[in-house]
Amino acid sequence: MTENHAGQATITSALLHRLLNTTAADARLVLTEGHVEVRTGPDIGDGGLVVVTRADLVGQVGDPPDDRALAEQAALLDSNIGLMGA
């Protein structure tokens, strides 16, 4: 996870690459208390907002992804969580 100058979580192409490189069918990017991380396995009620699932991301950028599409998706997701004040 990285943070921008305002201390908000930042979604980068590298983070999305890490999600795509995860082979777990239930892999997802989760925002929890200002941190963004890749999670797999059952959701055990530890909270967090699912930003994007691996399956949804593959649908948006393909597999393997085009670098430009991945950068655009990272910017879009980052903007969306920024609008939520995360």
Side-chain angles (χ1 to χ4, degrees):
M1 194 276 314
T2 58
E3 292 185 1
N4 65 19
H5 56 41
Q8 297 173 325
T10 301
I11 297 178
T12 63
S13 294
L15 187 56
L16 295 184
H17 266 296
R18 194 166 59 193
L19 176 60
L20 290 171
N21 288 334
T22 303
T23 58
D26 62 351
R28 60 212 178 271
L29 199 62
V30 178
L31 173 66
T32 306
E33 297 179 10
H35 300 291
V36 182
E37 62 187 1
V38 175
R39 289 191 190 166
T40 60
D43 184 2
I44 57 172
D46 54 359
L49 172 70
V50 175
V51 177
V52 68
T53 64
R54 184 186 185 286
D56 288 341
L57 183 59
V58 167
Q60 294 294 320
V61 299
D63 190 15
D66 171 81
D67 286 338
R68 180 177 173 183
L70 198 61
E72 290 172 356
Q73 190 67 23
L76 176 66
L77 292 170
D78 192 58
S79 176
N80 287 347
I81 65 168
L83 290 172
M84 291 186 285

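- Remark: R39 pairs with E37, D46 by the salt bridge (Lys or Arg N to Asp or Glu O under 4.0 Å) rule, at least two apart or across chains.
- The side-chain contact (heavy atoms from CB on, under 4.5 Å) test with V36 is passed by exactly one of L29, T12, L49: L29.
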Which donor-acceptor pairs under 3.5 Å do side chains of residues 56-65 form with protein atoms, sequence neighbours excluded?
{"unit_1": "D56", "atom_1": "OD2", "unit_2": "T53", "atom_2": "OG1", "d": "3.2"}
{"unit_1": "D63", "atom_1": "OD2", "unit_2": "R54", "atom_2": "NH2", "d": "3.4"}

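- V50 shares a hydrophobic cluster with V30; the chain of contacts runs through ILVMFWY side chains whose heavy atoms sit under 4.5 Å apart.
- Between the D26 side chain and the T40 main chain, no donor and acceptor come within less than 3.5 Å of each other.
- Within the 4.5 Å cutoff, the side chain of I11 has no heavy atoms near those of the L76 side chain.
- Judged as a side-chain contact (heavy atoms from CB on, under 4.5 Å), and not counting sequence neighbours, the contacts of D67 are H17.
- Atoms CG and CG, from D78 and L15 in turn, are 10.0 Å apart once rounded to the nearest 0.5 Å.
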Going by atom type alone, with no hydrogens or angles, which donor-acceptor pairs under 3.5 Å involve a side-chain atom of residues 68-75 and a protein atom two or more places apart or on another chain?
{"unit_1": "R68", "atom_1": "NE", "unit_2": "E72", "atom_2": "OE2", "d": "3.1"}

